[in-house]
Amino acid sequence: MQSISTRADLRGFVSSHRRAGRTVGFVPTMGALHHGHMALVERCRAENDVTIVSIFVNPTQFGPNEDFDAYPRRIDHDLELCRSHGVDAVFHPGMQEMYPEPLRTVVEVAELSSILIGEQRPGHFRGVATVVAKLLNIVEPDRAYFGEKDFQQLAVVRRMAFDLSMRATIVGVPTVREADGLAASSRNLRLTPAERRVAPVVHQAMLDAKRLFETGERDAATLLSAVRARAASEPSIALLSCDLCDSATLGALRRVADGPAVLLVTARLGSVVLIDQFELKPDLATGGPAA
Ligand code: PAF
């Protein structure tokens, strides 16, 4: 496995594989890698000849009071995990390599960036879209892999790649969960043992809504109040947002009709913001219309 820290070396690595006619897949990350990331790597390896992972904790997607400094950094562990999972190259540029000068150009995906999490974290998705655009321009992969856990991020990146006619196909990979249902995330490392014990309540709250949905409930307010009620049973969890949206447009739904809907939840536990998502497909419901 190659460990690469400059754009020039990464471009050289990619060109040599392209000349040999190989396809290139890319998994962008901020490091602190875990089995959720490895699911992206596995999918990438299955669909491409060459797999590149990037590790860069991107400052422009963190707000002034967010956890940029506290974000876990474990480069030796990350390199080892990538090596043992058959990654061909890890690109881990320093700050100067990614942002040699203050940016004058940013990527803003209108509407999708300002709703939901974008409302709580103004500028967050501008930072994500801009760094992902930079990374996709450097790597120029055939396919790039993103977790469905960050459902809105995936929607923003998909739209950006479409609008800017980018070469890469954006591939969404289903959320990986711990045995107790907690969505795998680098931020879970920052939960105290006591917080880690109660964290699965977020997923359980979403399962309550899913169970109601399976019995035929379609009213968004009723489904969302099931989530709120369970989350409220755990005093250390503060539900920051809980939305039922159209999976494609992320527009708020009053009822789940025929198309797939997504339940999006953010919750604060201590100093950590947990994000989770769950698609509700009409064919999941007993007696509901088949998809
Ligand atoms: O999901 C992440 O880890 C980051 O938002 C990403 C896509 C690597 C951009 O910094």
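All ligand and atom numbering here is 1-based and tracks the order in the structure.
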Should the ring pair His37 and His34 be called parallel, tilted or perpendicular, given that the plane angle runs from 0 to 90° and is split at 30 and 60? tilted
Quick one: look up the protein heavy atom nearest atom 1 (O) of ligand 1 and list residue, atom name and how far away it is. Gln153 NE2, 2.8 Å
Cation over ring face, Arg73 and Phe68, 6.0 Å, 45°: yes
Which word best sums up how the rings of Tyr99 and Phe56 line up, parallel for under 30°, tilted for 30 to 60°, or perpendicular for over 60°? tilted
Specify side chain, backbone, both or neither for Thr29, according to which of its non-hydrogen atoms lie closer than 4.0 Å to ligand 1. backbone
For ligand 1, which atoms, with element, lie under 4.0 Å from some heavy atom of Val131? 9 (C), 10 (O)
Quick test: of every protein heavy atom, which one is nearest to atom 10 (O) of ligand 1, and how far off is it to 0.1 Å? Gln61 OE1, 2.7 Å
Is the NZ or CZ atom of Arg143 positioned over Phe26's six-membered ring, under 6.0 angstrom from the centre and within 45° of the axis? no
Under 4.0 Å to a heavy atom of Pro28 - the qualifying atoms of ligand 1, by number: 8 (C)
Atom pair CG (Leu136) and CD1 (Ile170), whose distance is rounded to the nearest 0.5 Å: 5.5 Å
